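Quick notes on the structure that follows.
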Amino acid sequence: VPAQLPAAGRDGPPHGGAVTDRFEGFGKYRRAVSARATDPGILNAGQDGGTTTALLCFARENGEIDGAVLTYKADEQWTPGQHVATTVEEIKKSAGSVYALSPSVFQLKDAAREMGLESVAYVGLPCQVVAGRKLQLSPFGGRHVGERVKYVIGIFCSENFHPESLRVIAGGLGGLSLGEVQKMHIAGGKLLLEGAETAGVPVKQASRFSQDGDRVCPDLVAEYADISVGSIGAEPGWNTVFLRTRRGEGLFERAVADGGLEVREFPEGAKGLQLLQKMSLAKKKTAKETIEKREQLGLFVTRDMYY
């Protein structure tokens, strides 16, 4: 890991403490648990367990944040939109995942400078989490922005798509109009498209349309976040959660104590974590091999970390 980018657990961003790496491939973390929202409205609207939405709602209701930079479904064609949510209602409207890359980091500047928010949460994919951390460390361009980012929540990401690719996947492989799809999620090796009808597209087929950058990204579980959240490894309707820093763990524990989250510990040798580990290591291996091939061809490569 590059020395200039602090790993979770060191002082300063991202504000960590004693950590572990007992599961290779997950980065440093303090605890791994399974969690879900207790509010039925959040649970039904959220992706899988609704943990991220529940955490943000708790933080906003209790004045821990002034707002959160989030991605939402902007239209029926699943175009990703970006905004700064400053109310619980706006946070809830952003629940659920959009499987298209959303360039949301720029909204941190809007939140800190244009809107004058003092304490901001950011939710992003692993690559965006790294960008946010670099923003916090850079003395140029990010002045008075990174210091106002209080919590960084990373979402698991194996790959994502351009909105036009989603139309091809839904129509060409799933036999559905993208506008009819109400929810997307991955389960059992398939990208499930749910609406009036449900279609399951094998992930291996859908992967042909993934963003090119996914092939050189080695991070599945958002290793530099305060809290990482995903569905892989958890039971249906629950989230796998990595508590990586003292700050993130503190927020999580306060939300649990307030009754906003239900938590289960993973049993020893949990098969779900073993599957997640297999997928995480496979992503690192693919990225390393792709980078080496491109370097042999004399091509410029932007990613060379996590090995």
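For clarity, every value in this text was computed on a predicted model and none was experimentally measured.
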Next item on the list: Quick one: which residue pairs count as a ring pair (Phe, Tyr, Trp, His ring centres under 6.0 Å) with a foot in residues 54-93, not counting sequence neighbours?
Entry: Y72-H83
Next item on the list: Would you check if the side chain of R148 reaches a backbone N or O of A112 as a donor-acceptor pair within less than 3.5 Å?
Entry: yes
Next item on the list: Please lay out, stage by stage, how L43 and R36 fare under the test side-chain contact (heavy atoms from CB on, under 4.5 Å).
Entry: CA-CA 7 Å; L43 194 59; R36 68 178 180 182; 4.2 Å; yes
Margin query: Checking E289 against K293 for the salt bridge (Lys or Arg N to Asp or Glu O under 4.0 Å) test, could you report, in this order, the C-alpha distance in whole Å, the side-chain angles of both residues, the deciding distance, and whether it holds?
Written below: CA-CA 6 Å; E289 292 175 348; K293 288 179 181 179; 5.7 Å; no
Check: Would you say S210 and R215 make side-chain contact, with heavy atoms under 4.5 Å?
Finding: yes
Check: Could you state the interatomic distance from CD (E235) to OG1 (T240), rounded to the nearest 0.5 Å?
Finding: 10.0 Å
Check: For the atom pair CE (M184) and CD1 (I169), what is the distance rounded to the nearest 0.5 Å?
Finding: 8.0 Å
Note to self: Do V84 and L135 sit in one hydrophobic cluster, given that two such residues count as connected whenever their side-chain heavy atoms are within less than 4.5 Å of each other, even indirectly?
What the structure shows: yes
Check: Which distance, rounded to the nearest 0.5 Å, do you find between the CG of L220 and the CD1 of I232?
Finding: 5.0 Å
Notebook entry, point to check: How far apart are the closest heavy atoms of G260 and A54, and which atoms are they?
Noted result: O-CB, 3.9 Å
Next item on the list: May I ask you to decide whether E249 forms a salt bridge with R31, counting only side-chain N to carboxylate O separations under 4.0 Å?
Entry: yes
Item checked: Distance in Å, Q211 CD paired with S165 OG, rounded so as to fall on 0.5 Å steps -> 7.0 Å
Next item on the list: Could you tell me whether the side chains of S228 and R244 share a donor-acceptor contact shorter than 3.5 Å?
Entry: yes
Item checked: Nearest atoms (heavy-atom pairs only) where P80 meets V98 -> CB-CG1, 4.1 Å
Note to self: Would a single hydrophobic cluster contain both V203 and L173, if residues Ile, Leu, Val, Met, Phe, Trp and Tyr are joined by side-chain heavy-atom contacts under 4.5 Å?
What the structure shows: yes
Margin query: Can you tell whether the side chains of E159 and K283 come within less than 4.0 Å, N to carboxylate O?
Written below: no
Check: Can F26 be reached from V241 by stepping across I, L, V, M, F, W or Y side chains whose heavy atoms are under 4.5 Å apart?
Finding: no
Checklist line | T87 vs R60 side-chain heavy atoms within contact, under 4.5 Å | finding: no
Next item on the list: Report the C-alpha separation of I153 and L56 in whole Å, then their side-chain angles, then the decisive distance to 0.1 Å, and conclude whether the side-chain contact (heavy atoms from CB on, under 4.5 Å) test is met.
Entry: CA-CA 10 Å; I153 300 177; L56 294 174; 4.0 Å; yes
Next item on the list: Might you point out which heavy atoms bring F161 and A206 nearest each other, and give the distance in Å?
Entry: CE2-O, 3.1 Å
Margin query: Measuring from atom CG of N160 to atom CG of L101, what distance do you get when rounded to the nearest 0.5 angstrom?
Written below: 5.0 Å
Check: Which heavy atom in A225 sits nearest to a heavy atom in T245, and how many Å separate them?
Finding: O-CG2, 4.1 Å
Checklist line | ILVMFWY network linking F209 to Y99, side-chain heavy atoms under 4.5 angstrom | finding: yes
Check: Taking the inter-plane angle between the rings of F242 and Y29 on a 0 to 90° scale, is it parallel (under 30°), tilted (30 to 60°) or perpendicular (over 60°)?
Finding: perpendicular
Check: Closest approach of L178 and P163, non-hydrogen atoms and distance?
Finding: CD2-O, 4.2 Å
Notebook entry, point to check: Can you list every side chain to side chain donor-acceptor pair (under 3.5 Å) pair that touches residues 179-193, not counting sequence neighbours?
Noted result: H185-E194
Note to self: Is it the case that over 12 heavy atoms from other parts of the model lie below 6.0 angstrom from the CD atom of E76?
What the structure shows: no
Note to self: Within the 4.5 Å heavy-atom criterion, are K134 and V130 side-chain neighbours or not?
What the structure shows: yes
Margin query: So that I can tick it off, tell me whether K284 and E223 are bridged by a salt bridge, with the cut-off set at under 4.0 angstrom between side-chain N and carboxylate O.
Written below: yes
Item checked: Distance, nearest 0.5 Å, that separates CZ of F156 from CG of L276 -> 5.0 Å
Next item on the list: Test side-chain contact (heavy atoms from CB on, under 4.5 Å) on T53 and I91 and set out the steps.
Entry: CA-CA 7 Å; T53 302; I91 291 172; 4.2 Å; yes
Show me, pair by pair, the donor-acceptor contacts under 3.5 angstrom made by side chains of residues 115-127, not counting sequence neighbours?
unit_1 : atom_1 : unit_2 : atom_2 : d
S119   : OG     : E64    : O      : 2.9
Y122   : OH     : S104   : OG     : 2.8

Checklist line | Check: K109 main-chain N/O paired with R113 side-chain donor or acceptor under 3.5 Å | finding: no
Margin query: Just checking E253: does its CD atom have more than 12 heavy atoms from other residues, nucleotides or ligands closer to it than 6.0 angstrom?
Written below: yes
Next item on the list: Give the minimum heavy-atom separation between G259 and T38, together with the two atoms involved.
Entry: O-OG1, 2.6 Å
Check: Any side-chain donor paired with an acceptor under 3.5 Å for S102 and Q82?
Finding: yes
Notebook entry, point to check: If we only count heavy atoms from C-beta on, is the T198 to L193 side-chain gap below 4.5 Å?
Noted result: no
Next item on the list: Mind running salt bridge (Lys or Arg N to Asp or Glu O under 4.0 Å) on R167 and E164 for me, showing each step along the way?
Entry: CA-CA 5 Å; R167 282 188 278 276; E164 188 62 38; 2.7 Å; yes
Next item on the list: Under the salt bridge (Lys or Arg N to Asp or Glu O under 4.0 Å) rule, what do D226 and R133 come out as? Steps first, then yes or no, please.
Entry: CA-CA 11 Å; D226 292 304; R133 291 307 190 195; 3.2 Å; yes
Item checked: R208/D214 under salt bridge (Lys or Arg N to Asp or Glu O under 4.0 Å): CA gap, chis, key distance, verdict -> CA-CA 11 Å; R208 294 181 299 176; D214 296 334; over 6 Å; no
Next item on the list: Could you please spell out the steps behind the side-chain contact (heavy atoms from CB on, under 4.5 Å) verdict for R264 and V33?
Entry: CA-CA 6 Å; R264 291 179 181 174; V33 298; over 6 Å; no
Check: Is it the case that one hydrophobic cluster holds both L243 and L55, taking links as side-chain heavy atoms less than 4.5 Å apart, direct or via other members?
Finding: yes
Margin query: Within the structure provided, determine whether Q128 and T71 are in side-chain contact (heavy-atom separation under 4.5 Å).
Written below: no
Margin query: For K93, is there an ion pair with E90 - N to carboxylate O distance below 4.0 angstrom?
Written below: no
Note to self: Under a 3.5 Å distance rule, please check whether D75 uses its side chain to pair with a backbone N or O of T79 as donor and acceptor.
What the structure shows: yes
